[in-house]
Amino acid sequence: MAATENTNEEVKKSNFIKEIINKDNEENIYGGAVATRFPPEPNGYLHIGHAKSICLNFGLAKEYNGTCNLRFDDTNPSKEEDEYVESIQEDVKWLGFDWGDRKFFASDYFEKLYDIAVDMIKKGKAYVCDLTADEIREYRGTLKAPGKNSPYRDRTVEENLDLFERMKAGEFKDGERTLRLKIDMTSGYIVMRDPVIYRIQHTEHHRTGNKWCIYPMYDFTHCLSDSFEKITHSICTLEFENNRPLYDWVVNESGVGHKPKQIEFARLNLTYTVMSKRKLLELVKNSYVDGWDDPRMPTICGLRRRGYTPESIRDFADRIGIAKSDNMVDIAMLEHCIREDLNRRAQRIMAVLDPVKVIVTNYPEGQVEYVDAVNNPEDESMGKRQMPFTRELWIEKSDFMEEPMKKFHRLSPGMEVRFKHAYYITCTDVVKGPDGEITEIHCTYDPATRGGWSDDGRKVKGTIHWVSVAEAVEARVNVYEHLFTRENPDDLKPGEDYKDLLNPDSLSVIEKCYIEPFVRDAKPGERFQFDRNGYFCVDKYSDHSWITFNRIVSLKDSWKKVAEKGN
RNA sequence: UGAGGCGUCGCCAAGCGGUAAGGCACCGGGUUUUGGUCUCGGCAUCCCAAGGUUCGAAUCCUUGCGCCUCAGCCA
């Protein structure tokens with residue numbers, strides 16, 4: 001290999017899971033195969049934490065030339081809905097992953113699972129238990145005290161078979177009986193204390209309808225489904241570490257043959273947001289946000305509507321890595337990823353969000369002149385556009401100071417600045433309304449500086465953006481901030497509720513701002529950089545008569561820091 | 001005197017007995033028709049603590065300490 005190994009191939013980071021896979025491959029545990037799966041329960045929308053898992057599982061499959069299945073873990077009909085299976089597929093696709101023809105449902109295995117359960121009964125490894133939920137809890141013992149055997153533990157195989165059959169037939173009411181595994185009521189692993197594997201639930205299932213009234217539980221279903229699908233590495237989050245002995249027990253004792261390896265990694269936590277499905281659901285149901293795809297939500301659809309790109313989310317997943325220690329990733333990392341992506345790709349335009357009027361007194365009234373504007377200084381191939389320049393212009397209030405503070409090199413009386421792509425402009429006068437607020441800023445322009453440049457070596461420190469009053473497009477802009485005010489909204493003081501920490505300023509709507517005419521035909525989903533301000537995306541529900549933009553993320557603003565210090 | 005995990009820079013995270021990668025954030029300098037980008041430089045004599053083994057330890061061994069998870073007929 002040549003010394004100049006500078007290919008554009010990405011250098012993929014390693015992690016402990018890859019090390020396990022590499023070792024398994026060396027020892028030929030799975031014949032070199034790598035088969036993963038992404039197993040969501042269709043009871044909610046996917047969020048950025050799921051994106052981490054999706055990138056991991058599909059990424060591993062791609063890297064090792066293996067496969068990744070999409071499997072819906074739909075064993076609890078009371079929580080699951082088709083709406084969610086649709087949204088999950090849409091989100092996985094949008095992130096850029098393809099499960100091909102490997103879409104499965106745990107519910108497709110109900111028959112097989114039932115047969116295995118019957119077989120477990122026959123082998124004396126499972127029994128029907130008549131204890132109530134409360135009694136089961138009592139018998140289970142506590143973290144420190146061992147449990148005790150159920151009085152129904154020693155029923156005969158025949159009786160168990162008969163009872164289980166009748167459970168299936170619908171002879172009993174919800175909760176009346178369960179099927180339990182006969183393992184060890186004294187185990188330090190609570191999950192090994194004769195776990196319930198079937199419960200009675202007379203509920204219609206989103207796929208199997210009313211065919212079943214008994215449903216298998218996670219610990220029984222998941223590992224067997226993995227085995228059926230010949231999954232090699234079953235990757236899940238840390239809280240399932242305690243379930244691993246049971247996972248292995250079921251796979252071993254059921255005699256299914258193929259034995260996947262469960263590996264646990266740490267789930268993602270992000271600052272200033274929450275990730276639990278329960279909380280996200282509550283925010284939606286109680287209208288704290290405007291639906292699952294509210295641009296403030298950490299859901300995939302929320303990020304999509306906000307304007308995040310799939311590339312930026314995948315990049316984020318790569319950067320945060322995979323490990324086993326609990327973590328809280330700074331949301332600034334995510335913001336960095338989208339800025340980096342959009343800096344490269346986004347069309348620049350000028351938009352004035354908080355306007356004040358400038359009148360160029362020596363510019364002819366009624367004249368419209370078009371100046372060239374670079375579309376993206378990072379990518380010359382994106383070309384140029386033309387911007388109308390007129391006598392009356394909008395600029396940002398924050399770009400003018402009547403009495404400039406130190407280091408302020410924007411517009412102020414007597415100060416010459418560059419109106420980007422247009423002319424050098426000098427402020428000559430300020431007009432105020434009766435209450436003292438500035439209503440007009442009078443300026444002159446230097447015709448010799450067209451394009452915003454002069455050859456005489458004149459130094460112009462400031463460059464500001466502007467929009468022609470006569471030619472401006474009016475638009476609405478949604479400015480988003482963090483959803484919560486506390487870095488970790490799960491870290492509550494006594495008496496607090498996480499909803500108390502919702503940021504009242506997480507959304508500010510600017511009903512009317514002025515944008516250059518280039519955006520007139522912008523389509524929902526289109527992204528732009530508003531010069532010197534940030535990245536914005538046309539909202540999915542935007543209407544052509546009044547365009548709505550969502551702020552994806554601001555540009556970094558080092559001036560803000562200086563200004564705040566100066567005050 | 002239940003069990004299973006985890007502890008490396010403010011936040012992620014490499015490191016696998018040979019003398020602390022990288023990214024984000026932050027702080028400085030340069031370039032700049034975005035106070036953006038880019039670029040240059042700074043940012044852990046130290047790896048939860050204390051002992052021990054070793055020529056040599058973040059890495060091995062002890063003993064502590066801290067944090068997370070498990071007592072749903074949820075997943």
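All values derive from a computational prediction rather than experimental measurement. Naming: A, B, ... by sequence-line order, numbering from 1 per chain.
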Exercise for the section: Just say parallel, tilted or perpendicular for the rings of A:Phe530 and A:Phe536, cut-offs at 30° and 60°. Expected result: parallel
Completion exercise
In whole angstroms, the gap separating C1' of B:A25 from CD1 of A:Ile320 amounts to 16 Å
Practice task
Measure the distance from NZ on A:Lys556 to P on B:C27 and round it to the nearest whole Å.
Solution key: 10 Å
Handout entry: Atom C1', compared across B:U45 and B:U32: separation rounded to whole Å
Key = 39 Å
Exercise for the section: Calculate the interatomic distance between A:Asn242 atom CG and B:A3 atom P; express it in whole Å. Expected result: 12 Å
Exercise for the section: Using the closest heavy atom to pick a nucleotide of RNA chain B for each, name whichever of A:Arg137 or A:Glu241 lands nearer the 5' end. Expected result: A:Glu241
Practice task
Step through it carefully: locate the ring centre of A:Tyr198, locate the ring centre of A:Phe164, and say whether they are under 6.0 Å apart.
Solution key: yes
Practice task
Can you tell me, in whole Å, how much space there is between the P of B:G64 and that of B:C70?
Solution key: 26 Å
Handout entry: Spacing between A:Lys13 atom NZ and B:C24 atom P, to the nearest angstrom
Key = 11 Å
Completion exercise
Expected list for residues 213-229 of chain A near RNA chain B, using heavy atoms below 4.0 Å, is A:Met217, A:Tyr218
Practice task
Kindly say whether the aromatic ring centers of A:His222 and A:Phe240 come within a distance under 6.0 Å.
Solution key: no
Practice task
Please work out which of the three classes, parallel, tilted or perpendicular, describes the rings of A:Phe72 and A:Phe105, given edges at 30° and 60°.
Solution key: parallel
Handout entry: Nearest-angstrom distance from the residue atom NZ of A:Lys148 to P of B:G2
Key = 20 Å
Practice task
Mind checking ring pair (Phe, Tyr, Trp, His ring centres under 6.0 Å) for A:Phe265 and listing every partner two or more places apart, or none if nothing turns up?
Solution key: none
Problem - Neighbours of RNA chain B within residues 327-341 of chain A, by heavy-atom distance under 4.0 Å - result: A:Asn327, A:Met328, A:Val329, A:Asp330, A:Ala332, A:Met333, A:His336
Practice task
Choose from B:A75, B:C6, B:G4 the nucleotide whose nearest atom is closest to any side-chain atom of A:Lys324.
Solution key: B:C6
Handout entry: Nucleotide forming a Watson-Crick or wobble pair with B:C70, both distances under 3.5 Å
Key = B:G2
Problem - Atom-pair distance (CG on A:Asp130; P on B:C73), nearest Å - result: 15 Å
Fill in the blank from the handout: Between CG of A:Asp318 and P of B:A14 the distance, given in whole Å, is 13 Å
Problem - d(CD, A:Gln529; P, B:U37) in whole Å - result: 10 Å
Problem - Any N/O donor-acceptor pair, A:Asn343 side-chain to B:U37 base, under 3.5 Å - result: no
